[in-house]
Amino acid sequence: MNDEDITKLKLLLENHEKRIKRIEEFIEKFENSSYVEDIELLGMEKLSKKTGVNGEKLKEIFDIENEQLTVVKITGDKERDKTQNITLLVLIGYNYLFGEEEVLSQEIRRNVGENGISLNNFAKHLNKMIPSLIRRKDKAKSPKNAYKLTALGKSKSLELIKIVAGV
């Protein structure tokens, strides 16, 4: 390698380092931005428009923290009704607020448990909603099991939000 080759190599390395520094600065700006909050806000507005329930009432139903949704206000007399209603609210919430069509079973379970509802008959209660309101993505009892709303399920979920909000 001659001096000219070494000079070219140094120049290439300097340019490469400059590009890496610009990329790192961009990533830092993106991480510090409110991009996720903007998506949540847009989703909340969209859900509000679709249901006629204002944002404050929606915040009484859904608690959002670090890209995780928790249903905090529910309705239903029996454990089965509450489990099924939480499932519908979680699925519609993740759909509108985060743009996610499918939600892992464990995330729905977490919401049911956080509302003080026994998880003993969780799968049984969800199976009664299949295939009319929800669809299962994977086999039952799979750790990758996820659920998504059907068209009827979406409609029922939007109505349920109005009921829970008292509108």
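Note that the structure is a prediction, hence the values are computed from the model and not measured.
Applying the salt bridge (charged side-chain N to carboxylate O under 4.0 Å, His left out) test to every pair with at least one member in residues 104-130, sequence neighbours left out, gives these pairs: E107-R110, R110-E114. Applying the side chain to side chain donor-acceptor pair (under 3.5 Å) definition to pairs two or more places apart or across chains, those involving residues 155-167 are E159-K162.
Rounded to the nearest 0.5 Å, atoms CG (L13) and CD1 (I20) are 9.5 Å apart. Atoms OG1 and CD1, on T51 and I61 in that order, are 8.0 Å from each other to the nearest 0.5 Å. With rounding to the nearest 0.5 angstrom, the NE2 atom of H125 is 9.5 Å from the OG1 atom of T87. For the atom pair N145 CG and L104 CG, the distance stands at 8.5 Å (nearest 0.5 Å). Between L58 atom CG and L47 atom CG the span is 5.0 Å, to the nearest 0.5 Å. Q84 CD to K78 NZ: the interatomic distance, rounded to the nearest 0.5 Å, is 10.5 Å.
Within a 6.0 Å radius of CG in N15, other residues, nucleotides and ligands contribute more than 12 heavy atoms. The number of heavy atoms from other shown groups lying within 6.0 Å of CG (D5) is above 12.
When the ring pair (Phe, Tyr, Trp, His ring centres under 6.0 Å) test is applied to Y94, the partners found at least two apart in sequence or on another chain are F98.
Partner of I134 under the side-chain contact (heavy atoms from CB on, under 4.5 Å) criterion, out of V103, L149, L152, N127: L149 alone. Partner of Y96 under the side-chain contact (heavy atoms from CB on, under 4.5 Å) criterion, out of E45, M44, K50: K50 alone. Checked options L91, T70, V112, T75; the residue passing with I86 is V112 (criterion: side-chain contact (heavy atoms from CB on, under 4.5 Å)).
Not one N or O on the side chain of N121 forms a donor-acceptor pair closer than 3.5 Å with the backbone of R80. A donor-acceptor pair under 3.5 Å links the side-chain atoms of S48 to the main chain of V53, judged by distance alone. Here the side chain of N2 pairs a donor or acceptor atom with the backbone of E4 at under 3.5 angstrom.
At least one side-chain heavy atom of L88 sits under 4.5 Å from a side-chain heavy atom of M129.
The residues E17 and K21 are annotated as not salt-bridged, no charged nitrogen and carboxylate oxygen being separated by less than 4.0 angstrom. Classification of E101 and K148 as a salt-bridged pair fails, no side-chain N sitting under 4.0 Å from a carboxylate O.
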- Message: Apply side-chain contact (heavy atoms from CB on, under 4.5 Å) to residues K59 and E56 and explain how you reach the verdict.
- Response: CA-CA 5 Å; K59 288 178 183 176; E56 290 304 312; 4.1 Å; yes

- Does the pair F62 and I161 meet the rule for a side-chain contact (heavy atoms from CB on, under 4.5 Å), with working shown? CA-CA 10 Å; F62 302 108; I161 288 173; 4.2 Å; yes

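Under the 4.5 Å side-chain heavy-atom criterion for ILVMFWY residues, no single connected hydrophobic cluster contains both V72 and I108. In terms of hydrophobic clustering, with Ile, Leu, Val, Met, Phe, Trp and Tyr side chains grouped at heavy-atom distances under 4.5 Å, L9 and I6 are assigned to a common cluster. Cluster annotation: I163 and I74 are assigned to distinct hydrophobic clusters (Ile/Leu/Val/Met/Phe/Trp/Tyr, side-chain heavy-atom contacts under 4.5 Å, transitive).
The shortest non-hydrogen separation linking A146 to E102 is CB-CB, 4.2 Å. Closest approach of E79 to S118, counting heavy atoms only: OE1-CB, 3.4 Å.
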